[in-house]
Amino acid sequence: MTQSATEQDLIFLKQAIELALAAKAHGAHPFGSLVVDEHGQVIVTARNNAVPPKGDPTQHAERLACAKVGKLFSPAVLARCTLYTSTEPCPMCAGAIYWTGIGRVVYALSQEGLFRYTGTDEAMHLPCREVLSHGQKQIQVDGPFIEEEAGQVHEGFWTS
């Protein structure tokens with residue numbers, strides 16, 4: 001785990017937060033993700049599409065980003081990519097990241113930070129680092145970074 005985010009990390013995390021705002025504006029849960037290649041180019045973006053109560057609850061931003069990018073690039077390319085996300089990936093999304101083979105994850109708001117907005121019943125208490133540590137692929141996880149900024153997206157959403 002790195003001690004601090006790079007300038008590039010912060011730029012992409014802010015883009016993920018903007019995607020979360022777009023999801024929220026659409027009535028979906030406020031989460032956003034993007035995948036960046038080794039050259040710093042955004043290759044996929046996704047926002048949460050789990051629109052309650054009738055939407056598919058598995059339509060998390062990270063899982064959708066993985067599904068898109070996994071169809072477009074080889075495992076060798078994906079191993080050199082970074083997934084940036086507005087909030088720490090849940091266990092389902094960590095599994096998608098693992099099976100897609102993305103080499104690095106950077107997140108803004110931690111699961112514990114998210115619980116301040118949602119209450120503990122809205123997420124699983126299983127950090128993505130823990131999920132990813134049980135696989136054979138080496139996936140670097142960095143975060144949380146800019147938690148206060150990322151948390152603002154959740155203000156008022158979970159209580160309305």
Side-chain angles (χ1 to χ4, degrees), residues 1-20 23 28-50 56-118 120 122-151 153-154:
M1 180 172 93
T2 60
Q3 295 299 336
S4 60
T6 67
E7 187 174 326
Q8 179 173 290
D9 288 341
L10 295 175
I11 290 168
F12 291 130
L13 284 173
K14 289 177 184 197
Q15 288 181 24
I17 292 166
E18 288 297 320
L19 289 164
H29 293 162
F31 302 97
S33 296
L34 52 118
V35 179
V36 176
D37 70 15
E38 66 181 315
H39 307 292
Q41 299 298 309
V42 175
I43 54 177
V44 165
T45 64
R47 65 181 196 208
N48 189 294
N49 196 30
D56 179 348
T58 68
Q59 296 292 298
H60 293 194
E62 300 92 340
R63 196 190 67 71
L64 292 171
C66 288
K68 288 180 190 178
V69 80
K71 293 176 186 175
L72 298 173
F73 298 97
S74 71
V77 169
L78 293 170
R80 296 186 305 272
C81 290
T82 300
L83 182 138
Y84 290 92
T85 187
S86 61
T87 305
E88 182 175 357
C90 74
M92 175 184 69
C93 293
I97 292 162
Y98 180 82
W99 292 116
T100 305
I102 294 170
R104 181 175 180 237
V105 176
V106 181
Y107 65 91
L109 184 64
S110 67
Q111 283 185 14
E112 289 303 316
L114 178 63
F115 295 153
R116 289 192 306 266
Y117 301 97
T118 66
T120 57
E122 291 293 333
M124 296 176 72
H125 291 270
L126 185 57
C128 70
R129 278 183 183 86
E130 177 70 17
V131 175
L132 294 170
S133 74
H134 292 280
Q136 285 68 53
K137 299 174 188 174
Q138 296 290 13
I139 299 173
Q140 180 180 335
V141 179
D142 295 318
F145 302 119
I146 61 173
E147 282 199 276
E148 187 174 321
E149 185 173 343
V153 176
H154 297 276

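Numbers here are sequence positions counted from 1. Worth knowing before you read on, the calculation uses all heavy atoms, side chains too, and leaves out hydrogens, waters and symmetry mates. Just so it is clear, the structure is predicted and the values come from calculations on it, not from any experiment.
Residues Leu19 and Arg47 share a closest heavy-atom pair of O-CB, 3.6 Å. Taking both residues in full, the closest heavy atoms of His134 and Glu130 are given as CD2-O, 2.8 Å, listed atom of the first, atom of the second, then distance. Across all their heavy atoms, Cys128 and Tyr107 have their closest contact at SG-CE2, 4.2 Å. Of all heavy-atom pairs spanning Pro30 and Ala23, the tightest one is CA-CB, 4.5 Å. Listed here is the closest heavy atom pair of Leu64 and Ala46: CB-CB, 4.0 Å. Shortest non-hydrogen contact noted between Val42 and Gln15 is CG2-OE1, 3.8 Å.
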Practice task
I would like to know whether Val77 and Asp37 meet side-chain contact (heavy atoms from CB on, under 4.5 Å); could you show each step before the answer?
Solution key: CA-CA 8 Å; Val77 169; Asp37 70 15; 5.5 Å; no
Exercise for the section: Take Thr100 and Val35, measure what side-chain contact (heavy atoms from CB on, under 4.5 Å) needs, and give me the verdict at the end. Expected result: CA-CA 12 Å; Thr100 305; Val35 179; over 6 Å; no
Handout entry: Stepwise side-chain contact (heavy atoms from CB on, under 4.5 Å) test for Asp9 and Arg104
Key = CA-CA 11 Å; Asp9 288 341; Arg104 181 175 180 237; 2.9 Å; yes
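Inter-residue side-chain proximity for Asp142 and Thr82 is flagged as unmet; no heavy-atom pair is nearer than 4.5 Å. Using a 4.5 Å heavy-atom threshold, the side chains of Phe115 and His125 count as touching. Counting heavy atoms from C-beta outward, Ile139 and Val105 have side chains that approach closer than 4.5 Å. Between Phe31 and Val153 the shortest side-chain heavy-atom distance does not fall below 4.5 Å. Put simply, the side chain of Thr87 does not reach to within 4.5 Å of the side chain of His29, judged on heavy atoms.
The OG1 atom of Thr85 sits 10.5 Å away from atom NE2 of His60, with the distance rounded to the nearest 0.5 Å. Between the OG atom in Ser33 and the CD1 atom in Ile97 there is a gap of 7.5 Å [rounded to 0.5 Å]. Between atom CZ of residue Arg80 and atom CZ of residue Phe73 there is a gap of 11.0 Å, rounded to the nearest 0.5 Å. Taken from CD in Glu149 to CG in Leu109, the straight-line distance is 11.5 Å, to the nearest 0.5 Å. Taking NE2 of His154 as the start and OG of Ser86 as the end, the distance is 5.5 Å to the nearest 0.5 Å. Taking CG of Leu83 as the start and CG of Leu34 as the end, the distance is 7.0 Å to the nearest 0.5 Å.
Between the side chain of Arg63 and the main chain of Thr58, a donor-acceptor pair closer than 3.5 Å is present. The closest donor-acceptor contact from the side chain of Gln111 to the backbone of Leu126 lies under 3.5 Å. Judged by distance alone, the side chain of Glu88 and the main-chain N or O of Pro144 form no donor-acceptor pair under 3.5 Å. For the pair Tyr98 (side chain) and Gln136 (backbone), a donor-acceptor distance under 3.5 Å is present.
Tested against Cys81, the residues Val69, Ile43, Val36 include a single side chain to side chain contact (heavy atoms under 4.5 Å, CB included) partner, Ile43.
More than 12 heavy atoms of other shown residues, nucleotides or ligands fall within 6.0 angstrom of atom NZ in Lys68.
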